[in-house]
Structure formats: C-alpha cells, structure tokens
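Shown next, in structure tokens, is the structure this report addresses.
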Amino acid sequence: MPHPNDPSLRSFIPVDPASDFPIQNLPYGVFSTKAAPAPRVGVAIGDHVLDLAVLEGEGLIDLAPAFDVFAQGSLNAFMALGPKVWSRTRARISELLRHDNPQLRDNKILRASALMPMADTRLHLPIAVAGYTDFYSSKEHATNVGVMFRGKDNALQPNWLHMPIAYNGRASTVVVSGTKVRRPRGQLKPPSAEVPSFGPCKRLDFELEMGVVVGQSSVMGEMLTEKQAEAMIFGFVMLNDWSARDIQQWEYVPLGPFQAKAFATSISPWIVTREALEPFRVQGPVQDPAPLPYLRQTEPNNYDLQLDVALRAAQMNEAANICRTNFRYMYWSSVQQLVHHASSGCAMNVGDLLGSGTISGPDKHQRGSLLEISWNGTEPVELAGGVKRTFLEDGDSLSFHGWCQGDGYRVGFGEVEGTIAPAV
Ligand SMILES: O=C(O)/C=C/C(=O)CC(=O)CC(=O)O
Ligand SMILES: [Ca+2]
Ligand SMILES: [Mg+2]
C-alpha cells in the first residue's frame, strides 16, 4: 500500500492544486451541519468534509476496543489512543479516498451521508484545550520586542539562548477561527501618565504563531526525551495570540504577560497532523551556544511552512498583506519546547496547546506582529487607499494563511480569522 504522504496519490474527490487539503494532508477538525447539529469529527478533503463518525458507524474505520471516538465534539478521545492509531487511521482514510478505491467512491448512499461541502458546515474548536502555554522562541521577534521594551543593550535576556522561554496562558479563552474578538479593557499607564487608569486597550495587536496540539499525556515527575516528545505531538494549528500591548507594557514586570494575553487566542479549525508535515522537515537555525544536553536534538525538528498575514479594515474590499514569513526560522523547535516544558516534572495532558511564540524572520516584511511592523506605533503601515495602521481598530479583520509547498500540491492549514469588536 502506498504511504499516505505519497505525492502521486489522487482522490476521487476533485482537489484544486492550490487547495490546502489534498489527499496528502487529511487534517482533522470538528464540524456540524444544519441537518445534524451535533458536533463530530471530520477530515478536510478539497472543499469537502468527510464525516468520520459516519465511517466509524458503518464499520469502515475500526478503532476497537475504543468506539464512538469520532461521534464527539472534540478530538481528545481519538488523540488519547496514541500515535500508532493516528497513523493507522490516517492510512485507512487515505485508502478510502483514493481515486481507484470503489468502496466509498461508488457507494452513492454512503457518499451522500459521509461527504458534504465544507461551505455547508460549521467548524468548531477541534480540541478541548487542557492547558495553553505560549513560548517566545523566535530570536528575531524576541530581539525586536526586547529593543522596544528594554532598549538595545538588554534586548535578549541572558537566559534566552539557553532555554525556550514561555508563560502559562489561558485555556479558557482559546477560540476557533471566525469568533469575534472583543477589545479588552485593562489597566493602562502610558509613560506620560502619572497614575494608571482602567479602560479599553488602545494598542491592540496580533501575534502570528503556530500551535502544537499535544495528543498524549506525560507522567508527573518524569522528563521527556526528544523522541518521546516528538511522538506526543498530534499536529499543528495556526494560532493568533491577540495581545494588548499597553496592558502588557504596564503589567509584565516581574511575572510576564497576564491580562494582556488572557482575553482571546484564536486557532485554525483544522489540525494538520505531524505525519502530514513529515516531508517538509528542515533543520532550524544553528544553536550557539549549544543547548544543555537534555535539550539537544538529533533530528531536524523545524518545518518549511510559509505564513501570510492579511489585514482588512471595515472600509476595504480586499485584505492587504502585512507579513510573509516562514515557521522554519524558529530558534527553539516545538520538540525542544515540549522537552523543556516537562523538564521540571510538569505533567503534560492530552489536549495541551503550545504556542510557538511569534514567528518573525530576518527581513522587515517577516515581522509577525504590529508591534514590530509599526515599530511600537512609530511607523504606521499603509494598507490601501490611504488606510494606515499602527495597531488594530474596531472592525478590522485579521487572517493568517499557512502552507507547506509540495511538488504540485500543498499541505495547508486553511485560515484563522478574527474581527475586532468594540470594547463593552
Ligand atoms: O516582555 C517581552 O519580552 C514580551 C513578551 C511577549 O510578548 C510574550 C509572547 O507572547 C511571546 C511570543 O509570542 O513570542
Ligand atoms: Ca505570543
Ligand atoms: Mg492569548
């Protein structure tokens, strides 16, 4: 049987070469329809969704001794079954969608109940988020922020090159793409003010990140090796760590961001599996000084994954691109982040979400936040027809696109979008 990543595979479902969801991808999500409003697990193929609950019900996917794994509103039960089952299931779905397999292709009744246009579905948050941790692993981003917040001489803190720095974020406010994001209120104290005040954030920002979905738990008190950590990663989503820069600047010393990043974090609805990204693995930047032994890597754990950010103000017809970068630039890999996360004995859970940290690159057009793009509000970015931005305004819609380019196909993530609603 060919491997599900084989570039020559074709599905009986027509898939445009520019689609994010060819048969080589098969990302998992949770969806519902008007006719069947209970959220369940599906896979994206072209512009269709394949209902895995139907396939499991028909006995076409066998997860025994577990059952009804897909007739659920999150992927957590499926993820808990582990990497061997993930792999086997993906191979089975690929087999069922292949152009030369009549089993689903020629079964009209089954096709009608198991395949539906994505446009007719509603996409939900794909996991029950157990915990959310956000890293700070792009050297370019950390240097830019450091220069703006602390000056050139203290840009990178002395610990930064020795471990993946992070803070514990809020799982309670992780939302799926398309959810409106309300401008937060908080304590503000601009440098010109003598005392703080409480009110709507005036420096609302986005952060371009990837999110790792942890699909296996680890034991409290035990460390992880590179191999163990990798095997626990179920897949990746795009993640927008919405940030209130004015709240952040006043609150972050000494414990780091708190309310500045607690009000909303958006993720894309489709989880692209680690296995689908395998062909796009690349070596990350050289790590100098060499990390401590527990953080050393023997494998290339970065990915060649292109990322675009588009911003559309309410008065614009078309969105303007404000950033194009690549996930490959990250200094600390997701595997190193997970190893470090568990290194004290911290237990990881099924459904944990790890933000990569803002993904900036070496060039100006590769800056993954408005804080960097507008250089702390001093250099407004021109969108179109005289519309300029330093930070986000009410009604602005922000979207990320991400994909790995194969030969004649792409393994993509779709979109994560959020529109800013006024503060209450
Ligand atoms: O104080 C700082 O240096 C800034 C911290 C952050 O903005 C935290 C964060 O979300 C990091 C990231 O996304 O890379
Ligand atoms: Ca962040
Ligand atoms: Mg957040």
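Keep in mind that the numbers below use all heavy atoms, side chains included, and drop hydrogens, waters and symmetry copies. Both counts, for ligands and for their atoms, begin at 1 and track the order of listing. Just so it is clear, the structure is predicted and the values come from calculations on it, not from any experiment.
E207 has its closest N, O or S atom to the Ca ion (ligand 2) at the position named OE1. Looking at E209, its N, O or S atom nearest to the Ca ion (ligand 2) turns out to be OE2.
Using modelled atom types and a 3.5 Å distance limit, the side chains of E207 and T358 yield a donor-acceptor pair. Residues K180 and T419 bring no donor and acceptor atom of their side chains to less than 3.5 Å of each other. With no hydrogens or angles considered, no side-chain donor-acceptor pair links Q306 and N326 at under 3.5 Å.
The aromatic rings of Y136 and H141 lie perpendicular to each other, with more than 60° between the two planes, well past the 30° mark. Ring geometry for F234 against F78 counts as perpendicular: the plane angle is over 60°, on a 0 to 90° scale with 30° as the lower cut.
Considering every non-hydrogen atom in both H162 and L295, the closest pair reads O-CD1, 3.6 Å.
Take the Ca ion (ligand 2) as the corner point: the lines to OD2 of D134 and to OD2 of D241 open at 70°, to the nearest 10 degrees.
Contact shell of ligand 1 (protein heavy atoms, cutoff 4.0 Å): D134, F135, Y136, H141, V145, R150, Y167, E207, E209, D241, R245, Q248, Y252, P257, K261, G357, T358.
Taking CD of E275 as the reference point, atom CG of N25 lies at 11.5 Å (rounded to 0.5 Å).
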